[in-house]
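Before any comments, here is the structure.
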Amino acid sequence: MKKQSASFFYQSLRFRFGLLFNSLLFLCVSFIVYSLYRNAKTELDRSFSLQLSSAANAVLQKTDIDPISVPLPKSGEFFRIIYDDKARKTTLIDNLPQDRADQEKWRLVSVKKYPENGGLLTVDFALSAENYHAGIRKLRQLLYLYLPVAFLLSFLGGYLLSGFLLRPLRRIIHKANQVDLEHITLLAEPTARDEFYHLTDALNRMLLRIDEQAKQQTAFFTMASHELRTPISTMLTELQVFNREPGDPQTRQLLDNQEQEVSRMKALVDNFLWMSQIESGNLRGNPSAIDLAEMVLELSEGFRKPMALKGQRFRIELSPADGDFTVSGDRNQVEVILHNLISNAVKYGEPDNILEIILYRQERTGILVSNAISRPIENPEKLKGQFLRDTFHKDGFGLGLWISDTLSRKNNAELTLEADKERFLARVEFGRK
């Protein structure tokens with residue numbers, strides 16, 4: 001089974017929609033704010049220039065030559081008055097600051113008028129620009145502060161809004177995850193005929209196609225399994241009869257090989273039949289009292305020959321020795337569970353080793369089947385998946401443990417698989433907690 005990759009919040013549609021909404025809104029807000037800043041700066045500059053011109057003209061209007069009348073600078077006023085009578089220039093007053101050329105500190109304007117007695121009267125007026133520049137800097141700082149706040153608020157708003165808009169999609173995903181392919185139920189369609197409605201409709205049509213194909217596949221497996229089961233069983237019986245008759249070693253070897261292959265084919269057909277019954281949902285149980293000890297002894301007899309070929313031996317242990325190992329379940333299904341576990345232990349167990357079968361009764365009644373292994377098995381629980389096999393063993397079909405696990409759950413039992421460096425253990429406990 002493929003491991004699901006980790007999902008981070010920034011990979012979600014909600015985050016992407018929130019980021020997209022935030023980016024668009026941030027660009028719009030940035031453009032508007034920048035336009036407001038430019039307009040505000042222009043207005044401040046115009047207002048300051050108007051104030052400067054008004055103050056300079058007021059000084060110019062108060063200045064006269066005949067007789068000479070010059071206004072005195074008030075607090076914060078800096079100006080210079082020059083009279084030019086074409087013969088010479090006379091500075092009437094001058095308190096301009098020495099650093100008046102520094103535009104970061106001062107703004108300077110010149111106004112002129114022509115007196116009635118001739119000549120040219122010029123007033124150079126300077127105002128401190130520090131308050132003006134301080135106001136511009138404050139306005140800029142406020143913009144730098146408000147833009148990140150606006151960015152965060154717009155992102156939060158977009159994230160929440162996208163979460164609200166994607167709520168129908170999350171409901172569809174939740175309902176789709178709850179669909180059981182053994183009993184497919186269609187998703188409830190939204191009332192509004194929007195994109196979510198069309199998505200739900202497409203998923204429902206896909207589920208109907210999957211259901212139809214699954215039914216056809218199950219019907220094929222069931223029919224083929226039934227058709228193949230009878231001739232294979234007949235072939236196996238005839239081979240077993242012929243194999244009991246005396247013959248030359250070469251013929252007996254040939255019959256043994258054929259018997260093994262036919263047995264393998266019969267196991268495959270039986271597995272397909274069980275798989276089709278499980279996936280079709282037509283598997284029914286007939287619970288009855290089952291003596292596990294008796295069933296294990298009966299099943300173990302059928303493995304004497306393949307075990308002898310590999311030099312394997314059984315060690316069957318009852319704990320306690322006089323315990324009652326009766327459980328409730330469907331006899332055929334429980335027999336398939338135990339048969340598959342013992343068959344795997346024989347098939348994948350190391351030659352010339354002991355296969356252990358331990359029946360125990362503690363809080364629950366259980367059976368433990370273990371066999372020696374030569375290689376470690378990582379995550380043995382994954383072998384319960386359908387068509388999954390161990391990396392080093394390719395001769396099975398990957399169905400036995402899946403069928404055993406499914407039938408265990410249907411008989412109120414639990415199958416667990418464990419492995420250490422030396423042994424593989426399959427445990428079935430009846431009466432799940």
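Just so you know, residue 1 is the first one in the sequence shown, and it goes up from there. Because the structure is a prediction, the values reported are computed rather than measured. Below, all heavy atoms of this structure are taken into account, side chains as well, without hydrogens, waters or symmetry copies.
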_Is there a side-chain contact between Leu425 and Leu417 in this structure, where contact means two heavy atoms from C-beta onward sitting under 4.5 Å apart?_
no
Quick one: side chains of residues 317-325, donor-acceptor pairs under 3.5 Å with protein atoms, not counting sequence neighbours, listed by atom name and distance.
unit_1	atom_1	unit_2	atom_2	d
Glu317	OE1	Arg315	NH1	3.1
Asp324	OD1	Thr326	N	3.3
Asp324	OD1	Thr326	OG1	2.7

- Query: Considering only heavy atoms from C-beta outward, does the side chain of Ile354 approach that of Gln312 to under 4.5 Å?
  - Reply: no
*Would Phe78 and Arg100 satisfy side-chain contact (heavy atoms from CB on, under 4.5 Å), going step by step from the backbone distance to the final call?*
CA-CA 10 Å; Phe78 302 90; Arg100 58 182 177 270; over 6 Å; no
| task | Determine, step by step, whether Met307 and Leu355 satisfy the side-chain contact (heavy atoms from CB on, under 4.5 Å) criterion, reporting the C-alpha distance in whole Å, the side-chain angles of both residues, the deciding distance to 0.1 Å, and the verdict. | result | CA-CA 9 Å; Met307 291 181 67; Leu355 306 182; 3.7 Å; yes
Value for CG (Asn411) from CD (Gln333), rounded to nearest 0.5 Å, stands at 4.5 Å
Next on the checklist: Is the shortest side-chain heavy-atom distance between Tyr360 and Ile367 below 4.5 Å?
Outcome noted: no
Is the distance between the ring centroids of Phe303 and His339 less than 6.0 Å? yes
*So do Phe430 and Asn412 actually touch side chain to side chain, heavy atoms under 4.5 Å?*
no
Practice item. Indicate whether any N or O donor in one side chain lies under 3.5 Å from an N or O acceptor in the other, for Glu104 and Tyr132. Key: no
>> Within the structure provided, determine whether Phe125 and Val59 are in side-chain contact (heavy-atom separation under 4.5 Å).
In response: yes
Margin query: side-chain contact (heavy atoms from CB on, under 4.5 Å), that's the test. Do Asp99 and Lys105 meet it? Break it down for me.
Written below: CA-CA 8 Å; Asp99 58 347; Lys105 292 183 177 181; 3.4 Å; yes
* Does the pair Lys74/Glu77 count as a salt bridge with the N-to-O cut at 4.0 Å? -> no
Shortest non-hydrogen pair, Ala419 vs Pro380, comes out as N-CG, 3.9 Å
| said: Using a strict threshold of under 4.0 Å (side-chain N to carboxylate O), is an ion pair present between Arg107 and Asp45? | reply: yes
CG (Leu341) and CZ (Phe424) are apart, to the nearest 0.5 Å, by 8.5 Å
Side-chain heavy atoms of Leu338 within contact of Asn340, under 4.5 Å: no
Report task. May I ask you to check whether over 12 heavy atoms, not counting those of Glu422, lie within 6.0 Å of atom CD? Result -> no
In this structure, CD1 of Ile373 is separated from CG of Asn353 (nearest 0.5 Å) by 11.0 Å
When rounded to the nearest 0.5 Å, the distance separating CZ of Arg137 from CD of Gln141 is 8.0 Å
| NZ/NE/NH1/NH2 to OD/OE distance under 4.0 Å, Glu414 and Arg364 | yes
Taken to the nearest 0.5 Å, the spacing of Ser404 OG from Leu415 CG works out to 6.5 Å
CG of Asp405 to NZ of Lys384, rounded to nearest 0.5 Å, is 4.5 Å
